[in-house]
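Below is one structure; the comments refer to it alone.
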Number of protein chains: 2
Amino acid sequence: MLSNSSKYAVKAVLFLALHSSEENKIVVKDIAAPINVPLAYIAKLLQELSKENIISSTRGPKGGFYLSDSNKEQPVINILKIIDGEKRLTSCMLSLEKCNEEKPCPLHNILSSSRQTILKSLQEKTINELALDIEKGNSFLPL
Amino acid sequence: MLSNSSKYAVKAVLFLALHSSEENKIVVKDIAAPINVPLAYIAKLLQELSKENIISSTRGPKGGFYLSDSNKEQPVINILKIIDGEKRLTSCMLSLEKCNEEKPCPLHNILSSSRQTILKSLQEKTINELALDIEKGNSFLPL
DNA sequence: TCTTAAATATGATTTTTATCATGAAATATT
DNA sequence: AATATTTCATGATAAAAATCATATTTAAGA
Ligand code: FES
Ligand code: FES
């Protein structure tokens, strides 16, 4: 479904949503440990996300990663688009090409509507909304 | 979603469902070309499927691959289980572990029901049913 | 201005997945 | 029995994804 990298990235961003702010930046070491992802690996992912303005960062002492208010209002799918690329989300389930409504593959008819629903949810849910779920105890960040 | 290998495998099996029978076996070369998959690669996949009795085969002259009637009545998901393994279908969307209903991850609540629906469809639909769809012109085997 | 703590850029290594190749075993035909 | 045709078993190579490592740049604070 999602690549390893995307899973890690979503976990990291949600962790930041919960524990960081412009005044309270977090250093990669303190992100990697609690979400149980290799430090050097998550560091690289955070860099990509930062470059694409999914998350914010400042370097130097007292620096670190954080989520600005506008960062938090982004849909979750933005993370996946950066890390996995659009193709992974929209490709046909039987071919290597894009899903084709006009010439549906045999699996299209039975799976497409569910997939659309998933896509829509990822589009609509913001980082912040997911973070609130966690705070309310409705969901949990897995190790 | 599905691995490359699974996509190829499903295409190959559906091709066999449409064009083969116990009396009309098909040689791998004549499977690879129409579904547009590298010959040596699909050959290996067909061997795995054959070993696990998803498809049938006989060797020697006049031999080839085919689908017996009981092969055709199997659910599509069997192909995926062999090629991708169970884990890919049931793992949590945020962790590397199994999806955990008791301690749902943040994506679980928004995606799980759609995913269940997909799993159920793959469980219920037989190879033969998908092949009939193609014959009726309701779907198409992609290149 | 110097030192230090952090991200950033870049790239090396390892593991997994995808692809290719080849010889051995089996079966039908002669 | 010999031969040709096919799958089957095994393993080699190539490409991609995941992981690790390090030197450079930036900013804060002394
Ligand atoms: S998923 Fe195959 S055509 Fe839509
Ligand atoms: S998908 Fe993550 S717990 Fe179910």
Side-chain angles (χ1 to χ4, degrees), chain A residues 1-12 16 20 22-33 35-68 80 82-85 87-88 91 95-96, chain B residues 1-12 16 20 22-33 35-68 80 82-85 87-88 91 95-96:
Chain A
M1 191 82 191
L2 306 183
S3 73
N4 240 335
S5 293
S6 272
K7 291 180 178 183
Y8 291 167
V10 171
K11 286 209 289 178
L16 285 174
S20 82
E22 188 135 16
E23 301 78 41
N24 186 18
K25 294 161 192 151
I26 309 187
V27 117
V28 331
K29 160 169 68 62
D30 295 337
I31 301 170
I35 65 174
N36 196 36
V37 171
L39 186 144
Y41 191 22
I42 197 66
K44 204 169 197 174
L45 293 175
L46 290 171
Q47 283 165 29
E48 287 187 64
L49 294 173
S50 171
K51 190 162 59 176
E52 304 285 341
N53 301 310
I54 308 292
I55 66 179
S56 306
S57 68
T58 54
R59 23 185 174 182
K62 296 273 165 181
F65 292 96
Y66 65 98
L67 259 56
S68 70
L80 310 178
I82 299 297
I83 304 295
D84 280 347
K87 196 161 51 183
R88 184 163 190 139
S91 78
S95 85
L96 287 348
Chain B
M1 192 84 192
L2 305 184
S3 73
N4 241 337
S5 293
S6 272
K7 291 180 179 183
Y8 291 167
V10 171
K11 287 208 292 177
L16 285 173
S20 82
E22 189 133 15
E23 299 79 41
N24 186 18
K25 294 158 192 154
I26 309 186
V27 116
V28 358
K29 160 169 68 64
D30 295 337
I31 301 171
I35 65 173
N36 196 36
V37 172
L39 186 143
Y41 191 22
I42 197 65
K44 203 168 197 174
L45 294 176
L46 290 171
Q47 283 166 30
E48 287 186 64
L49 293 173
S50 172
K51 190 162 58 179
E52 303 285 342
N53 301 310
I54 308 291
I55 67 179
S56 308
S57 68
T58 55
R59 23 185 174 183
K62 297 273 167 180
F65 292 96
Y66 65 99
L67 260 57
S68 70
L80 310 179
I82 300 296
I83 304 294
D84 280 346
K87 196 160 50 181
R88 184 165 191 137
S91 77
S95 85
L96 287 347

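- Comparing Ala43(A) and Ser6(B) against DNA chain C, the residue whose closest nucleotide sits nearer the 5' end is Ala43(A).
- What you find for Phe65(B) and Ser57(B) is that their closest heavy atoms are CD2-CB, 3.6 Å.
- Along DNA chain D, the nucleotide nearest to Ile31(B) and the one nearest to Ser3(A) differ in position, and the one closer to the 5' end is contacted by Ile31(B).
- One can place CD1 of Ile83(A) at 16 Å from C1' of dA16(D), the figure rounded to the nearest angstrom.
- For Ile35(A) and dT19(D), the CD1 to P distance is 12 Å, given to the nearest whole Å.
- In the 5' to 3' direction, nucleotides of DNA chain C lying under 4.0 Å from heavy atoms of chain A begin and end at dT4(C) to dA12(C).
- Between the side chains of Tyr66(A) and Thr58(A), no donor-acceptor pair of N or O atoms lies under 3.5 Å.
- The heavy-atom pair separating Met1(A) from Met1(B) by the smallest distance is SD-SD, 4.0 Å.
- Pairing each heavy atom of Ala12(B) with each of Ile31(B), the nearest pair is CB-CG2, 4.2 Å.
- In this structure, Tyr41(A) places its OH atom 16 Å from P of dA16(D), rounding to the nearest Å.
- Note: CG (Leu39(B)) to P (dT6(D)) measures 12 Å, nearest angstrom.
- Between Leu49(B) and Ala9(B), the shortest heavy-atom contact is CD1-CB, 4.1 Å.
- Expressed to the nearest 0.5 Å, how far NZ of Lys29(A) lies from CD1 of Ile42(A) amounts to 15.5 Å.
- Nearest heavy-atom pair, Lys7(B) versus Leu96(A), reported as atom, atom and distance to 0.1 Å: CD-CD1, 4.0 Å.
- One can place OH of Tyr8(A) at 8 Å from C1' of dA18(D), the figure rounded to the nearest angstrom.
- Nearest approach of Arg88(B) to Leu2(B), heavy atoms of both residues: NH2-C, 3.7 Å.
- Non-hydrogen atoms lying under 4.0 Å from DNA chain D are contributed by Lys44(B), Gln47(B), Ser50(B), Ser57(B), Thr58(B), Arg59(B), Gly60(B), Pro61(B), all within residues 44-62 of chain B.
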